[in-house]
Amino acid sequence: MNSPGRDNGDHSFGSFGEPDGDGIDSGFPEVVVPDDISALDAEVRAYRREVARAQARARRRHALTAPVRALARFGRWLGRMCRYVLPW
């Protein structure tokens with residue numbers, strides 16, 4: 001069965017909310033719920049891993065760019081202070 005947003009080669013269109021072809025479309029997406037919720041366990045773990053990796057990347061990016069952001073903030077402050085000191 002395909003996960004939303006993933007194409008594993010198996011096109012089970014009903015799980016994506018598209019009409020079955022029987023001509024009846026109630027306007028609501030069709031949702032396939034497995035009988036055993038543990039069938040989704042691997043997908044949930046993979047999703048949580050992806051989220052944790054994205055958060056770790058964001059924390060690293062924030063930490064690594066902190067000196068650049070501080071320098072830019074200091075440059076803006078210095079520019080504002082020069083407006084009062086320099087006579088042009």
Side-chain angles (χ1 to χ4, degrees):
M1 184 163 98
N2 285 335
S3 302
R6 298 176 193 253
D7 183 13
N8 300 330
D10 176 31
H11 297 286
S12 56
F13 292 108
S15 64
F16 291 112
E18 297 171 3
D20 300 355
D22 58 359
I24 301 173
D25 186 18
S26 64
F28 295 106
E30 183 177 325
V31 179
V32 177
V33 179
D35 292 334
D36 184 16
I37 198 70
S38 65
L40 298 175
D41 192 38
E43 290 183 27
V44 169
R45 278 189 270 125
Y47 172 76
R48 289 181 179 166
R49 269 194 312 270
E50 289 175 16
V51 169
R53 285 182 186 144
Q55 288 174 342
R57 276 193 306 270
R59 281 192 303 268
R60 279 193 305 268
R61 186 179 315 114
H62 186 75
L64 292 173
T65 60
V68 175
R69 285 183 281 118
L71 190 60
R73 199 168 38 246
F74 176 71
R76 286 190 302 270
W77 175 83
L78 191 59
R80 286 191 301 270
M81 291 303 112
C82 288
R83 185 175 3 167
Y84 299 116
V85 176
L86 299 176
W88 58 58

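Reckoned from all heavy atoms, side chains included, excluding hydrogens, waters and symmetry mates. Numbers for residues simply follow the sequence, beginning at 1.
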CA sep, side-chain torsions, deciding dist, call: Glu43, Leu40, side chain to side chain contact (heavy atoms under 4.5 Å, CB included): CA-CA 5 Å; Glu43 290 183 27; Leu40 298 175; 4.3 Å; yes
Single-linkage hydrophobic cluster Phe74~Val68, side-chain heavy atoms < 4.5 angstrom: no
Does anything in residues 54-64 pair up under side-chain hydrogen bond (donor to acceptor under 3.5 Å, both in side chains), and if so which pairs, sequence neighbours excluded? His62-Arg69
Can you measure from CZ (Arg83) to CG (Leu78) and round to the nearest 0.5 angstrom? 12.0 Å
Distance, nearest 0.5 Å, that separates OG1 of Thr65 from CG of Leu71: 12.5 Å
Checking Arg49 now: which residues fulfil side-chain contact (heavy atoms from CB on, under 4.5 Å) with it, not counting sequence neighbours? Arg45, Ala46, Arg53
